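Not measured: the values here are computed from a predicted model. In the text below, chain A, chain B and the rest are named by the order of the sequence lines, each starting its count at 1.
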2 protein chains.
Amino acid sequence: MEATLPKFDSIFSIDCVIFGFEAGELKILLIERNEEPFKDWLALPGYFVEQNESIDDGAKRILHELTGLHNLPIKQLHTFGEVNRHPQGRVITVAYLALIRIMGQKELTPITHYAKKAFWHPVKDLPKLAFDHTEIFQTAFRRVRKRLNYQPIAFDLLPEKFTLTQLQSLYEIILDKKLDKRNFRKKMLSYGFLKELSEKQKGVSYRAAKLYKFDRRKYNKIFQAELAMEGGS
Amino acid sequence: MEATLPKFDSIFSIDCVIFGFEAGELKILLIERNEEPFKDWLALPGYFVEQNESIDDGAKRILHELTGLHNLPIKQLHTFGEVNRHPQGRVITVAYLALIRIMGQKELTPITHYAKKAFWHPVKDLPKLAFDHTEIFQTAFRRVRKRLNYQPIAFDLLPEKFTLTQLQSLYEIILDKKLDKRNFRKKMLSYGFLKELSEKQKGVSYRAAKLYKFDRRKYNKIFQAELAMEGGS
DNA sequence: ACAAAAGTGTTGCGGCTACACCCATGC
DNA sequence: GCATGGGTGTAGCCGCAACACTTTTGT
């Protein structure tokens, strides 16, 4: 390759906003930084992209190194490129977004030493984050809220088997408003992509609710047309 | 600033997908490149971001330098970061999108010598573009198509005064399907953000149609809630 | 008078909202 | 038996799709 590209002291980074749902609360994945700048601050998991990896690959690698989580279904959210967003120089960051099930992934263990630890933090009462990460988080949260109205993202957050009340309460938490129980259930069931299981809830001190599963195959069949549109944007 | 950032030979660029509407056709703004690589190819207007400008500012500057157009209402679309998208090295590009009125901006004159010329090209029958610009264009077009269904972007493309038939035909072109005349007009008028003018179309050899104007103030009043949501994403 | 596009209403359906009570279970 | 959430139906409104003819104007 000929050296005809201009040189700038500029680098790219990735920052990931990973949502989870646990104990009735919406949470995001944070790390405690172990490096300057913002050493000891809380931050979104993020780091620099290597020269020989695509940003999508870089995002997966970085997330894995900082949290131990593998191969999450992350999607690009937005790119933040203010000149002074990083105190040490010009760093443009591409933010990625994912919604995942927390279940069984309790042991978050950073592989690199750039993070002291990684953990889930409730979205309510987020402290001030390093860099412009608070702004990145807000952009992500707005996007999730909007997307909830037309994409089945709630099922990425819930356990595989869930009750309709759990589903509704997740909607209420994300949208930050009360929904009508009857209307909500009617609508959800009318879509036809929820599979009713024969199982019931266990260990509750009141009438046990039916469990449901999200049937992605059916969902895809029903919403083929829209899926085609989503494609690459 | 301490020199603690890692160094990579990586740079950012901007590419702009600018849509216009002219002579009943949807068009985008292209340049003919005057630089290697892809010298003499058609490409989206794009160039490298300087170190001391935000990507948003850079996008406006670059667009101006390549086409002579000032201060367009561009918005970030997506960031493309495949390793080999630029043959000379690692270049991550942030794509921007705008929809504008072509009217009266016929003289497109590149200010830098990086572009031989800039011109509007119909979206139908786009030739192969430089780099991954065809893919970027497609992503942009998909986005526009989707957005048309819930945002008043058509009015950015039309002249200030337009007939309902013109509006409908623009919808039909972007969505690539026929719409029902009566339903379309009813729906558009029912929103209440179209101001009927006393003027009529001129110079047509058939019954002249009423002209309308998009009343953005009214639109904002009506859709306040949703606007608040759009905010930063 | 004719060609070309402007302009106009009704009906049926499906989805959304609002709203209140009985049921099953564990303690 | 009581507390707790589980589960259910109806009626009115609104937006959407389907559908065809008359009016105006310029030539």
In whole angstroms, the gap separating C1' of D:dC16 from OH of B:Y191 amounts to 10 Å
Note to self: Check this for me: does the side-chain of A:R207 come within 3.5 Å of the base of C:dA24 through a donor and an acceptor?
What the structure shows: no
message = Suppose we call two aromatic rings close when their centres sit under 6.0 Å apart. Are A:F155 and A:F162 close by that rule?
response = yes
Out of C:dG9, D:dT8, C:dC19, minimum distance to the side chain of A:N183 belongs to C:dC19
Original post:
Under 3.5 Å, is there a donor-acceptor pair between the side chain of B:R101 and the main chain of B:L158?
Top reply: yes
Value for CD (A:E82) from OG1 (A:T93), rounded to nearest 0.5 Å, stands at 13.0 Å
ask   = Does A:T165 place a side-chain N or O at less than 4.0 Å from the phosphate oxygens OP1/OP2 of D:dG6?
value = yes
C:dT8, OP1 or OP2 - any side-chain N/O from B:R185 closer than 4.0 Å? no
Atom NZ of B:K178 and atom P of D:dA17 are separated, to the nearest Å, by 16 Å
Could a donor-acceptor pair under 3.5 angstrom be found where the side chain of B:K186 meets the base of C:dT10? yes
ask   = Parallel under 30°, tilted from 30 to 60°, perpendicular over 60°: which one fits the rings of A:Y191 and A:F223?
value = perpendicular
Taking for A:K181 and for B:Y212 the nucleotide of DNA chain C with the nearest heavy atom, the one nearer the 5' end belongs to B:Y212
Taken to the nearest whole Å, NZ/A:K200 to C1'/C:dG26 is 14 Å
Separation of C:dA18 atom P from A:K187 atom NZ, nearest Å, is 12 Å
Between A:S205 and B:Q166, the residue closer to the 5' end of DNA chain C by nearest nucleotide is B:Q166
The nucleotide from D:dA18, D:dG9, D:dG7 with an atom nearest the side chain of A:K210 is D:dG7
A:L211 atom CG is separated from D:dG7 atom C1', nearest whole Å, by 15 Å
Here the distance between atom P of D:dT8 and atom CZ of A:F184, to the nearest Å, is 15 Å
Taken to the nearest whole Å, NZ/A:K202 to P/D:dG6 is 17 Å
Among D:dG7, C:dC19, C:dG9, the one nearest any side-chain atom of B:R182 is C:dG9
Quick note, B:Y206 side chain, CB onward, closest among D:dA18, C:dA6, D:dG6 is C:dA6
Per atom distances to the A:D180 side chain, the nearest of C:dC19, C:dT17, D:dA17 is C:dC19
Rounded to whole Å, the CD-P distance (B:Q168 to C:dA5) equals 13 Å
Please say whether more than 12 non-hydrogen atoms of neighbouring residues, nucleotides or ligands are located less than 6.0 Å from NZ in A:K195. no
